[in-house]
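Structure, as structure tokens:
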Amino acid sequence: MIEWSVKGAGDAVTVVSPVGDVYPFVITSVRDMRLRLHHRPDWHGGREPDDAALKIYAAHGVAARWAMDTFGPTHLHL
């Protein structure tokens with residue numbers, strides 16, 4: 001089974017899907033780990049797929065889980 005991969009640097013969180021789509025997110029709120037898509041994904045194959053919204057939603061979920069696993073529930077410590 002091919003997994004999603006995630007890496008972070010500063011407030012940037014990059015998610016790569018199992019098929020090679022790259023989703024560049026940015027953490028907009030450290031307090032509650034809010035993320036938003038920083039710019040358009042780099043689609044494997046070069047074209048935006050018909051189900052792009054679903055793929056972005058899935059990538060956002062992966063990025064959010066990574067942020068919570070990495071930083072923990074920071075809003076509880078403030």
Side-chain angles (χ1 to χ4, degrees):
M1 180 168 144
I2 298 174
E3 299 285 327
W4 291 79
S5 68
V6 184
K7 65 181 176 179
D11 65 351
V13 178
T14 303
V15 176
V16 180
S17 76
V19 297
D21 299 329
V22 179
Y23 302 87
F25 290 95
V26 63
I27 297 171
T28 59
S29 172
V30 175
R31 181 175 171 88
D32 58 5
M33 285 294 115
R34 260 183 284 161
L35 297 135
R36 71 170 169 80
L37 198 59
H38 186 60
H39 53 80
R40 296 180 65 87
D42 181 11
W43 300 108
H44 178 75
R47 291 182 36 179
E48 184 173 310
D50 293 337
D51 60 350
L54 286 174
K55 290 181 178 204
I56 291 169
Y57 180 78
H60 184 272
V62 170
R65 279 190 303 278
W66 177 87
M68 287 300 291
D69 289 347
T70 301
F71 300 110
T74 58
H75 64 281
L76 298 176
H77 301 293
L78 297 176

>> Please evaluate residues L37 and H60 with respect to the criterion side-chain contact (heavy atoms from CB on, under 4.5 Å), reporting the C-alpha separation (whole Å), side-chain torsions for both, the decisive distance (0.1 Å), and the verdict.
In response: CA-CA 8 Å; L37 198 59; H60 184 272; over 6 Å; no
>> Just verifying a value: how many Å separate D51 CG and Y57 OH, rounded to the nearest 0.5 Å?
In response: 14.5 Å
> Say you draw a straight line from CH2 of W43 to OG of S17; how long is it, rounded to the nearest 0.5 Å?
Replying inline: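 OG of S17 is found 8.0 Å from CH2 of W43.
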>> Testing the basics here: between P24 and P41, what is the closest heavy-atom pair and its distance to 0.1 Å?
In response: CD-CA, 4.0 Å
>> Which heavy atom of V15 sits nearest to which heavy atom of A63, and what is that distance?
In response: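 That closest heavy-atom pairing would be CG2-CB, 3.7 Å.
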> So do K55 and P49 actually touch side chain to side chain, heavy atoms under 4.5 Å?
Replying inline: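 When only atoms from C-beta onward are counted, K55 and P49 do touch, with a gap below 4.5 Å.
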>> Is it the case that over 12 heavy atoms from other parts of the model lie below 6.0 angstrom from the CG atom of D50?
In response: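 No - once you tally the heavy atoms of other residues, nucleotides and ligands closer than 6.0 Å, there are 12 at most.
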>> Tell me whether the count of non-hydrogen atoms from other residues, nucleotides or ligands lying under 6.0 Å of CZ in R40 goes above 12.
In response: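 No, CZ of R40 has 12 or fewer neighbouring heavy atoms, counting only those of other groups under 6.0 Å.
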> Which ILVMFWY residues are connected to V16, directly or by a chain of links, through side-chain heavy atoms under 4.5 Å apart?
Replying inline: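 Besides V16, the cluster holds V22.
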>> Under a 3.5 Å distance rule, please check whether D21 uses its side chain to pair with a backbone N or O of H44 as donor and acceptor.
In response: yes
> Using the ring of each side chain (for Trp, its six-membered ring), is Y23 parallel, tilted or perpendicular to W4, with breaks at 30° and 60°?
Replying inline: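 Plane angle between 30° and 60°, so tilted.
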